[in-house]
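Have a look at the structure below, then the notes.
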Amino acid sequence: MKRILTIIWLIMIALGSTAQVIRIGLYHNEVVESVAVYATSGEYEIKAGDRRIGTFRKGDILFATLKEGMISLHDAGGVYGTFKSVELSALSLDATFRLRPVAPALESQSYDDGLLLEGNDAYMTIINQVDFDRYIAGVLEAEVGPNAQRELYKAHALLTRTYMLNHFDRHRDEGFSLCDGVHCQAYHGRAQYNPEIAEAVFETSGEVVADYHYKLITAAYHANSGGETQRASDVWLKDVDYLQAVLDPYSLHQPAAKWYDTIQYAAWKDYLVGRGMASAKKVPEELLYIQQRHRSKYFVLDGDTLMMTRIREDWGWRSSFFNMFPEEGGKIVVWGKGYGHGVGLSQEGAMNMASQDFSYKDIIKFYFFNIRIMYYDDLPDSSLPDLGYE
Ligand SMILES: [Zn+2]
């Protein structure tokens, strides 16, 4: 299986005319001082600055340790030296490595393509220099998991690629484009559990989602819309023409379609007063029960307003789409719908559409209004970031 996957990748890269590379900051939330690197396939050359200092092949292990802001590099045979930066540059298309932080001791992960280590005063910057599509496949495995349908992977590949290009400069001053945490997009290294992910990424290679004005879209998604997506302006206070409310039957009857909670009426009333709704003290009780037939932006009480997203956050609820009912014993039952902010694509709805044989383009066009699915190469220069590195 592994061999077949490798062959697929080689064919993909041979066919792809312009394989482009992105730099991803690894273990970004950790202060790493020392790592071990294992060559797991293919061949690399080891470079310090522009100088070639050795080769690194399957079975080899390298150790890199931070020393006074520099990288000290050694292997079983001895010490290479101490350098400002060290690069493992892939000489073959099947080159992969496994990286294990030693100080602190963290779980190892496997990566495609190249590695760059840079010394800083207190930590080492660890960068995976990886082909765009291999990175996207890794993100899909981390964010969608290994068991989804092909058309869902394709739809998600477009969103991930669009997000990647839209945020290419996010960590530029740290020497890379995106980090591997949820701050950017979760990336736990190479996709390795389902070859369909790589195939889906390849089949949509280069495709992104642009708005009517040929700008990359804000590729928002969430777990489940609860039956209706939320207008962007209801959450982020900025209207985005392609992020409007959509009636979404595909999200109903899915695992995260519903939730519920029980709270105390007195606590709810105190909360409203505490949030500036003084009239909660004097209006009839039934006016305090929130009812949403469709998603609302505000809860309005006697001229005072409170954002639904604020309420969701304060109470730690799964969504801001819910109804309240009085219950015996001074309680309120809260019946909620969906999971997440509700803007853009609903993952469970998209999954349901994919299982009903909708295509990835149908899925994206269902959740985003007036968008264009196109190759990023065809976008005007003003819509793209600088995709090179110094
Ligand atoms: Zn980030």
Side-chain angles (χ1 to χ4, degrees), residues 20-33 35 37 64 66 71 85 87-88 97-101 104 106-145 156-191 197 201 208-209 215-223 232 235-236 238 240 243 309 313 340-341 343-345 347 376 383-390:
Q20 269 182 301
V21 168
I22 185 167
R23 291 185 177 179
I24 307 297
L26 307 181
Y27 295 93
H28 183 246
N29 296 324
E30 307 286 344
V31 179
V32 177
E33 292 178 38
V35 297
V37 189
L66 189 70
I71 304 284
S85 70
E87 183 182 353
L88 294 180
F97 65 92
R98 176 167 276 273
L99 183 130
R100 183 167 63 85
L106 300 168
E107 207 170 305
S108 69
Q109 283 172 346
S110 289
Y111 298 92
D112 287 303
D113 304 337
L115 175 69
L116 183 61
L117 301 172
E118 288 173 352
N120 302 290
D121 286 342
Y123 63 95
M124 171 187 302
T125 302
I126 308 169
I127 296 169
N128 184 200
Q129 305 195 97
V130 57
D131 169 74
F132 277 8
D133 283 347
R134 288 176 163 179
Y135 164 68
I136 291 165
V139 172
L140 292 192
E141 196 164 276
E143 297 249 353
V144 186
H156 232 292
L158 266 64
L159 300 190
T160 299
R161 188 178 294 107
T162 302
Y163 181 96
M164 172 187 89
L165 295 172
N166 234 343
H167 294 84
F168 213 81
D169 290 332
R170 202 165 200 192
H171 291 274
R172 187 81 83 156
D173 55 0
E174 295 167 79
F176 51 90
S177 286
L178 300 172
C179 72
D180 60 348
V182 290
H183 172 258
C184 288
Q185 304 188 105
Y187 172 61
H188 305 150
R190 59 196 305 263
I197 297 178
V201 173
V208 293
V209 188
K215 293 270 183 231
L216 293 166
I217 68 160
T218 296
Y221 62 88
H222 57 277
V235 176
W236 298 321
K238 193 182 104 190
V240 182
L243 294 173
T309 51
E313 199 174 301
H341 53 54
V343 181
L345 177 138
Q347 286 180 302
Y376 70 83
S383 294
L384 286 172
D386 175 6
L387 299 178
Y389 294 98
E390 281 165 20

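Whatever order the structure lists them in is the order used to number ligands and atoms, beginning at 1. Residue numbers run from 1 in the order of the sequence given.
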Inset, instruction - Specify whether H156 and Y221 have parallel, tilted or perpendicular ring planes, treating 30° as the upper limit for parallel and 60° as the lower limit for perpendicular. - result: perpendicular
Inset, instruction - For the residue pair F168 and Y389, categorise the inter-ring angle as parallel (less than 30°), tilted (30 to 60°) or perpendicular (more than 60°). - result: tilted
Inset, instruction - Could you check if a side-chain atom of T218 sits within less than 4.5 angstrom of a side-chain atom of V240, using non-hydrogen atoms only? - result: no
Legend entry - Side-chain heavy-atom pair V139, Y187 within 4.5 angstrom cut-off: yes
Inset, instruction - Could you give me the CA-CA distance, side-chain angles and deciding distance for Y111 and I24, then say whether side chain to side chain contact (heavy atoms under 4.5 Å, CB included) is met? - result: CA-CA 11 Å; Y111 298 92; I24 307 297; over 6 Å; no
Legend entry - Electrostatic pair D133-R161, nearest N-O below 4.0 angstrom: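 Between R161 and D133 there is a salt bridge, with a charged N closer than 4.0 Å to a carboxylate O.
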Inset, instruction - Sort by chain and number the protein N/O/S atoms that are closer than 2.8 Å to the Zn ion (ligand 1), and list them. - result: H171 NE2, C179 SG, H183 ND1, C184 SG
